[in-house]
Number of protein chains: 2
Amino acid sequence: MTLPRETVEARLAAFREACVQKRLRLTHQRMEVFRALASSEEHPDVESIHRVVRKRIPTISPDTIYRNLKLLAEHGLVSVAGMSADRLRFDANMGPHHHFVCVKCGRIRDFTSRELEHIAFPAEARAFGAPCSMHLEVKGVCSACQKGRKP
Amino acid sequence: MTLPRETVEARLAAFREACVQKRLRLTHQRMEVFRALASSEEHPDVESIHRVVRKRIPTISPDTIYRNLKLLAEHGLVSVAGMSADRLRFDANMGPHHHFVCVKCGRIRDFTSRELEHIAFPAEARAFGAPCSMHLEVKGVCSACQKGRKP
DNA sequence: CCCCAAATAAGATAGAATCCTATTTACGAA
DNA sequence: TTCGTAAATAGGATTCTATCTTATTTGGGG
């Protein structure tokens, strides 16, 4: 909640415009959900957003938060942090490696890269604390999905 | 399930040894859970592992899968793919950026980096399909948690 | 071979995310 | 401005993932 007001206002203005362009109705609830998200730098979950928005719209339901965030994500107006968080996924490969995540079928493939092996922790990251590991996440469409195969 | 047999065997041998060292009992169920994970390159979820292990141990319960994977993750013998998958988290920052994730409190901070801006999609990633975006995930302990503050 | 803490099975439970349906609302068109 | 309609919402029901509870079983040291 410590974002510069101008940043938030800019995001809100862009959001209004994008909604009009994409024929998404500018409902009171939708605006407030986006405002709550755009005002935060904490990558909030639905419950946090609900708590904030409820101050302005006491009767808003969690389902409305979910529905709008999902819709906005589909339209590229917000994003979901991290990989598919629908369920836990595990990995027996404990060595350093990177991930290719298919945005269609959700498959995750490991890869290693000589070029990336020697990258140091960025100074911008060290500013937040003590980094201990680092990996790249490449999103895209896997070969199988490109060919139209079902997952 | 297309991993070289030698890779799987090596992982199983290392696993046995690690369990003995760490005084973790080598139960039938634990071995089969790890074998299923070590034989896969799909970053499987609990249901997939359960399906596989059930062929050998028909009465095994999902809880045993969860319990063992959690235990093994705590001992660094397996890892959880992606960020905390306990709930969905959203982001209004649609520009390219990277993440610093605190492994203690789970807070996610955005950052951008001049050095990383010009990195191309690694060839090893392009081998899997068509990449469309890329971001770095730095894990570590944030300043607040280092100072012992509660999340 | 015995013992007991650790591990398991199976059902109960908690909680996140989605679904269902009656009601309300945004907004284009008259 | 008013009207009509498809879209959106509220609230409860439902589904599904993950964890907890408890009685029973078991690995492995002594």
Side-chain angles (χ1 to χ4, degrees), chain A residues 15-37 43-51 53-75 77-90 106, chain B residues 15-37 43-51 53-75 77-90 106:
Chain A
F15 177 68
R16 284 179 175 279
E17 200 171 339
C19 282
V20 171
Q21 267 190 343
K22 292 168 184 288
R23 314 277 180 221
L24 298 176
R25 290 190 183 173
L26 281 167
T27 66
H28 187 194
Q29 289 88 342
R30 184 164 296 160
M31 281 301 297
E32 293 305 324
V33 167
F34 183 82
R35 182 206 299 277
L37 180 59
H43 301 264
D45 59 17
V46 167
E47 195 197 342
S48 309
I49 295 175
H50 189 232
R51 252 198 317 275
V53 176
R54 215 206 286 241
K55 289 174 192 165
R56 289 167 172 251
I57 313 175
T59 61
I60 195 168
S61 69
D63 186 50
T64 297
I65 317 278
Y66 279 111
R67 194 171 1 87
N68 275 301
L69 290 174
K70 192 181 164 189
L71 181 76
L72 299 182
E74 282 166 4
H75 283 83
L77 299 176
V78 309
S79 67
V80 182
M83 304 194 307
S84 58
D86 51 336
R87 56 185 60 186
L88 293 171
R89 290 165 149 273
F90 296 88
Chain B
F15 177 69
R16 283 179 176 280
E17 200 172 338
C19 281
V20 172
Q21 265 188 344
K22 292 168 184 288
R23 314 278 180 221
L24 298 176
R25 291 189 181 173
L26 279 168
T27 66
H28 188 194
Q29 289 88 341
R30 184 164 295 161
M31 280 302 296
E32 292 306 323
V33 167
F34 183 82
R35 181 206 300 277
L37 180 59
H43 301 265
D45 58 17
V46 168
E47 195 197 342
S48 309
I49 296 175
H50 189 232
R51 249 197 321 274
V53 176
R54 212 204 289 240
K55 290 174 191 165
R56 288 167 174 251
I57 312 175
T59 60
I60 195 168
S61 70
D63 187 51
T64 298
I65 317 279
Y66 279 109
R67 192 170 2 87
N68 276 300
L69 289 174
K70 191 181 165 188
L71 181 76
L72 299 181
E74 281 165 5
H75 283 82
L77 299 177
V78 309
S79 67
V80 183
M83 305 192 307
S84 59
D86 52 335
R87 55 185 59 188
L88 293 171
R89 289 164 149 273
F90 297 88

For [X], all residues meeting side-chain contact (heavy atoms from CB on, under 4.5 Å), sequence neighbours excluded:
| X | answer |
| --- | --- |
| B:Lys70 | B:Glu74 |
| A:Val20 | A:Leu26 |
| B:Ala18 | B:Leu77 |

Which donor-acceptor pairs under 3.5 Å do side chains of residues 59-69 of chain A form with protein atoms, sequence neighbours excluded?
from, atom 1, to, atom 2, distance (Å)
A:Ser61, OG, A:Thr64, N, 3.4
A:Ser61, OG, A:Thr64, OG1, 3.1
A:Thr64, OG1, A:Arg67, NH2, 3.0
A:Asn68, OD1, A:Arg30, NE, 2.6
A:Asn68, OD1, A:Arg30, NH2, 3.2
A:Asn68, ND2, A:Thr64, O, 3.0

What is the distance, rounded to the nearest whole Å, between atom [atom1] of [X] and atom [atom2] of [N]?
| X | N | atom1 | atom2 | answer |
| --- | --- | --- | --- | --- |
| B:Ile60 | D:dT25 | CD1 | P | 17 Å |
| B:Ile57 | D:dT25 | CD1 | P | 17 Å |
| B:Arg30 | D:dT26 | CZ | C1' | 12 Å |
| B:Met31 | C:dT8 | CE | P | 13 Å |
| B:Asn68 | D:dT26 | CG | P | 16 Å |
| B:His50 | D:dT17 | NE2 | P | 13 Å |
| B:Ile65 | D:dA18 | CD1 | P | 12 Å |
| B:Leu69 | D:dA18 | CG | P | 11 Å |

Using a 4.0 Å cut-off on protein heavy atoms (strictly under), produce a 5'-to-3' string for nucleotides 14-30 of chain C with B for base contact, S for backbone-only sugar-phosphate contact, and - for none. --SBBBB----BBS---
Provide the full list of salt bridge (Lys or Arg N to Asp or Glu O under 4.0 Å) pairs with a residue in residues 20-29 of chain A, sequence neighbours left out, each pair given once.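 For residues 20-29 of chain A, and leaving out neighbouring residues, there are no salt bridge (Lys or Arg N to Asp or Glu O under 4.0 Å) pairs at all.
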For a quick check of understanding: with a heavy-atom distance under 4.0 Å over all strands, which category does B:Ser61 fall into, base, sugar-phosphate or nothing?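 Base contact - B:Ser61 has a heavy atom under 4.0 Å of at least one base atom.
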Counterpart residues, salt bridge (charged side-chain N to carboxylate O under 4.0 Å, His left out), relative to B:Arg54 (two or more places apart):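 Scan of B:Arg54 (salt bridge (charged side-chain N to carboxylate O under 4.0 Å, His left out), adjacent residues dropped) gives none.
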Rounded (10°) bend between the five-pair end axes of the helix from C:dC1-D:dG30 to C:dA30-D:dT1: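 Between the first-five-pair axis and the last-five-pair axis there is 40°.
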So, B:Arg89 side chain and A:Ala81 main chain: donor-acceptor pair closer than 3.5 Å or not?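 No; judged by distance alone, with no hydrogens or angles, the pair does not exist.
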Inter-residue atom distance B:Arg56.CZ - B:Met31.CE, 0.5 Å rounding: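 Taking CZ in B:Arg56 and CE in B:Met31, the distance rounds to 9.5 Å.
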Set of residues satisfying ring pair (Phe, Tyr, Trp, His ring centres under 6.0 Å) with respect to B:Phe34, sequence neighbours excluded: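 Once residues adjacent in sequence are excluded, the partners of B:Phe34 under the ring pair (Phe, Tyr, Trp, His ring centres under 6.0 Å) criterion are B:Phe15.
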